[in-house]
2 protein chains.
Amino acid sequence: MAAEMDKEEQLPENVMPSISVDNLIFAMQNGRLKVLLVKYKEGLAADKWGLIGHWVQYDESLEEAAHRVVTSTTGVVNLYLDQLGAFGKVNRYPGRRIITVVYYSLVRFEEAELQQGDNTHEVAWFDIREVPELIFDHKEILNACLEHLKYKVRHEPIGFSLLPEKFTLLQLQEIYEAILDTKLDKPNFRRKIQKMNLLINCKEKQQAVAHRAATLYRFDINVYEKLKEFGFNFEF
Amino acid sequence: MAAEMDKEEQLPENVMPSISVDNLIFAMQNGRLKVLLVKYKEGLAADKWGLIGHWVQYDESLEEAAHRVVTSTTGVVNLYLDQLGAFGKVNRYPGRRIITVVYYSLVRFEEAELQQGDNTHEVAWFDIREVPELIFDHKEILNACLEHLKYKVRHEPIGFSLLPEKFTLLQLQEIYEAILDTKLDKPNFRRKIQKMNLLINCKEKQQAVAHRAATLYRFDINVYEKLKEFGFNFEF
DNA sequence: ACAAAAGTGTTACGGGTACACCCATGC
DNA sequence: GCATGGGTGTACCCGTAACACTTTTGT
């Protein structure tokens, strides 16, 4: 929620008055799924953690608004972005009726350079199992999104958006384990992924790891597009 | 889209100014999936077919608004209702910026008694493969919803919301065929459904049909609730 | 040597698929 | 008798699950 105003609300000139966009930005770090939260400076949400919200300008679509927020907060331009849905309980935002449209995005952790917004004084990644108390209905929104991600990750090859260009099969497996909140069998996982013909062997190995070096892979973007179009089955 | 005004817009007193709720109402008739459309009396959508839209009152949630619209149009109170998402391109509604939140619902055809709204002069069911030209971005919305239904029907037992209390297995199969837009193998379908323990044999037969009378079934609502909670797999 | 992760092989089970086939009813 | 849909049986295939096992690298 864009909740950066005090009670005498000062809306910017060119934004819609009763609609906000909230963003859930996810990334993988050390095998853990993280979500980006901000602490607001002032207003009803002052000094509390929440999702990254903003108002919608009259000259941008909802999706463009969401994209703008993600880019301005993380610097990332190449990302997966999708809508979770609209949240519109009567009293979800205290004192005023605001509908929020929620988007979630998946970014590569290494590419993200966190930037303070005008209305926030902290931005940080949180392990999804260790999020603090959140403002308004943001916890509910986060939970809905985590559920949705489970659903989504089985039907579209979106997990890849969280990985660097070259990655190991274990890294990929960890994403599925984190999102599905389960442990997967390594041999079976490898075979399943390989059979999709989605990965290209880089013919390179990891460097300087304290164990046998793993092969690095990257995606075959063509196959990726086809899978998105014709379906994808990733049930475990 | 609630598009029932002329250019000198006359919004009711207690509604949000730039948000509407649009509804996709589905039902099964004679083995065909139908969607409910209305023809508007006046305004930008005058004399054209579109989804059933309305404004959102300040004292009702988005879902309550959607529910109100469905009930006032069809008289149905017992229904499946879910959000499809928000649509918010800049020029989706001509002349003014309006975000619409779209809900879809599944009703029993026999229970629906269509009622004219204040702003419409026709309400009718259309076969989903034979929809006329629609106003604004409503065709896009319909297509998105049909896609979403395919997705949904495999993971939650929602197909049943389209059936009368007592139904035959063929009726159920026709729903899946219509939504998934495919032909299914009868013997396999029967076994798959039966094994879910979702159906209770009514120990009754169809009456007066020109072939061997089929057994009538109804749902086991308890199992239904459990499947909703713990997952449901209906891949074909 | 040991830990840690990469990677391969094998087997059993169950579900999905594709049919063939018989049954009941009305015209 | 024939068309229409109801309903059962079966055999094959393939994906999944479970788990044992070998390989490579760093400390």
Side-chain angles (χ1 to χ4, degrees), chain A residues 28 30-32 153-155 157 163-164 166-178 180-218 227 230-236, chain B residues 28-32 150 153-155 163-164 166-178 180 182-218 227 230-236:
Chain A
M28 282 297 284
N30 300 329
R32 314 280 293 174
V153 85
R154 296 178 200 206
H155 293 85
L163 290 174
K166 297 174 183 178
F167 54 87
T168 69
L169 292 179
L170 182 60
Q171 284 178 291
L172 186 56
Q173 182 175 343
E174 284 169 342
I175 288 176
Y176 280 86
E177 291 182 336
L180 299 174
D181 193 22
T182 180
K183 203 77 185 108
L184 301 174
D185 181 86
K186 184 174 50 158
N188 294 336
F189 180 87
R190 297 172 64 83
R191 270 187 291 264
K192 178 148 188 169
I193 289 285
Q194 306 255 32
K195 201 155 33 180
M196 291 180 183
N197 287 319
L198 194 61
L199 301 185
I200 297 175
N201 188 325
C202 294
K203 318 243 182 210
E204 283 181 66
K205 299 278 183 185
Q206 277 180 312
Q207 300 294 326
V209 283
H211 53 76
R212 176 173 175 179
T215 304
L216 293 173
Y217 292 87
R218 57 191 175 82
L227 281 182
F230 296 111
F232 182 79
N233 192 310
F234 217 101
E235 308 278 344
F236 284 101
Chain B
M28 283 297 285
Q29 184 194 21
N30 300 331
R32 314 281 293 176
K150 285 190 194 180
V153 86
R154 296 178 200 204
H155 292 85
L163 290 174
K166 297 174 182 180
F167 53 88
T168 70
L169 292 179
L170 181 60
Q171 284 179 290
L172 185 57
Q173 181 175 344
E174 284 169 342
I175 289 177
Y176 280 87
E177 291 183 337
L180 298 174
T182 180
K183 202 78 185 103
L184 301 175
D185 182 86
K186 183 174 51 159
N188 295 337
F189 180 86
R190 299 174 61 84
R191 271 188 290 264
K192 178 148 186 167
I193 289 284
Q194 306 256 29
K195 200 155 34 176
M196 291 181 185
N197 287 318
L198 195 61
L199 302 184
I200 296 174
N201 188 325
C202 293
K203 319 245 181 209
E204 284 180 64
K205 298 279 182 186
Q206 278 180 313
Q207 300 294 326
V209 283
H211 53 75
R212 176 173 175 180
T215 304
L216 294 173
Y217 292 87
R218 56 190 176 82
L227 281 181
F230 296 111
F232 182 79
N233 193 310
F234 217 101
E235 308 279 343
F236 283 102

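Just so we're on the same page: letters track the sequence lines, and every chain starts at 1.
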field: Between C:dA18 (P) and B:F189 (CZ): distance, integer Å
entry: 16 Å

task: Figure out the NZ/P separation between A:K183 and D:dA17, and round it to whole Å.
output: 15 Å

task: Using side chain to side chain donor-acceptor pair (under 3.5 Å) as the criterion, list what pairs up with A:D185, not counting sequence neighbours.
output: A:N188

- request: Sequence neighbours left out, what passes side chain to side chain donor-acceptor pair (under 3.5 Å) with A:K186? Give chain and number order.
  value: none

Under the salt bridge (charged side-chain N to carboxylate O under 4.0 Å, His left out) test, residues paired with [X] that sit two or more places apart:
X      : answer
B:K183 : B:E177
A:R32  : A:D127
B:K166 : B:E204

query: Could you write nucleotides 6-15 of chain D as a row of B, S and -, 5' to 3', where a protein heavy atom under 4.0 Å of any base atom gives B, of only sugar-phosphate atoms gives S, and otherwise -?
result: BBBBB----S

